[in-house]
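Before any comments, here is the structure.
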Amino acid sequence: DAGVIQSPRHEVTEMGQEVTLRCKPISGHDYLFWYRQTMMRGLELLIYFNNNVPIDDSGMPEDRFSAKMPNASFSTLKIQPSEPRDSAVYFCASSPASGGSTDTQYFGPGTRLTVL
Amino acid sequence: TQLLEQSPQFLSIQEGENLTVYCNSSSVFSSLQWYRQEPGEGPVLLVTVVTGGEVKKLKRLTFQFGDARKDSSLHITAAQPGDTGLYLCAGKGAGNNRKLIWGLGTSLAVNP
């Protein structure tokens, strides 16, 4: 079975440019999460969706960041304009609806973003 | 604000040694998960503990959830180079919110 798919795997861009990160969750999963990971701050939740609807976006740093989920099999995280401090590894994760206390999150391989 | 503190932050040991990693908080969690992350990859779930005092074993790894559900430990017996990686703990609060609170991780290196 295919896991979570993210693209691109690496992105190098210049300050001020628009960056779009893409994610395809595991088929049948109802929850999708976007994270940012840095050495200093660890893994930070940016936003998560349930059935394509944003539920908690309190982790989105500022208005330069936006996320969409137009359908159950695709999500994007956009940064416009990008800044050097946005350099990090961005992960997408998905989770099935069989909740309770076993909310396993399945992570993609991540996108390493470098903003020069 | 809920926080999870992991210790130690870095650990370098020889193959065959034992080690323990700690995950502590002042908050109560409904469940706590441990993930392992290898370089260039996303975290992968190792175990979920739910009940206070619960102990789970996964081969040479032993996980324990504190009685008050505020802390957890991961003990590895006879570590092997394949255990090398970043170990992350993540706690879930009560209710339907799927948000996890993450520790910063323990970076483990097991040298042959």
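Owing to the predicted nature of the structure, the values given are computational and were not obtained by experimental measurement. Letters A, B, ... mirror the listed sequences (proteins, then strands); counts begin at 1.
Shown here for A:Met40 and B:Leu104, the closest heavy-atom pair between the two residues is O-CD2, 4.2 Å. A:Tyr48 approaches B:Arg98 most closely through the heavy-atom pair OH-N, 3.0 Å. Heavy-atom minimum distance, A:Arg9 versus B:Gly40: NH2-O, 3.2 Å.
To the nearest 0.5 Å, atoms CG (A:Asn50) and CG (B:Asn97) are separated by 10.5 Å. Here the OG1 atom belonging to A:Thr104 is positioned 5.5 Å from the OH atom belonging to B:Tyr35, to the nearest 0.5 angstrom.
Of the residues considered (A:Gly110, A:Gly42, A:Cys92, A:Pro109), A:Pro109 shows the highest number of contacts with chain B, using heavy-atom pairs under 4.5 Å.
B:Leu4 and B:Leu11 fall within the same hydrophobic cluster, defined by Ile, Leu, Val, Met, Phe, Trp and Tyr side-chain heavy atoms under 4.5 Å apart, directly or through other members. Under a hydrophobic clustering in which Ile, Leu, Val, Met, Phe, Trp and Tyr are joined whenever their side-chain heavy atoms come within less than 4.5 Å, directly or via other members, B:Leu19 and B:Val55 fall into different clusters. Under a hydrophobic-cluster definition in which Ile, Leu, Val, Met, Phe, Trp and Tyr are linked whenever side-chain heavy atoms come within less than 4.5 Å, directly or via other members, A:Ile55 and B:Leu100 are assigned to the same cluster. Tracing side-chain contacts under 4.5 Å through hydrophobic residues (I, L, V, M, F, W, Y), one reaches A:Phe65 starting from A:Leu113; they form part of the same cluster. Both B:Leu32 and B:Val47 belong to a common hydrophobic cluster when Ile, Leu, Val, Met, Phe, Trp and Tyr are linked at side-chain heavy-atom distances under 4.5 angstrom.
The side-chain heavy atoms of A:Phe91 and B:Glu41, taken from C-beta on, include no pair separated by under 4.5 Å.
When heavy atoms are compared at a cutoff of 4.5 Å, A:Tyr35 approaches chain B solely by way of its side chain, counted from C-beta outward. Interface remark: A:Arg112 contributes no atoms to any contact with chain B (heavy atom separation under 4.5 Å). Using a 4.5 Å cut-off between heavy atoms, A:Leu45 touches chain B through its side chain atoms alone.
Under the 3.5 Å distance criterion, with hydrogens and angles disregarded, no donor-acceptor pair is assigned to the side chains of A:Gln105 and B:Gln33.
More than 12 non-hydrogen atoms from other residues, nucleotides or ligands lie less than 6.0 angstrom from CD of A:Gln80. The 12-atom threshold is not exceeded at CG of A:Asp63, counting heavy atoms of other residues, nucleotides or ligands nearer than 6.0 Å.
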Evaluate side-chain contact (heavy atoms from CB on, under 4.5 Å) for B:Trp102 paired with A:Gln37, printing each intermediate quantity in order.
-> CA-CA 11 Å; B:Trp102 293 83; A:Gln37 187 176 40; over 6 Å; no
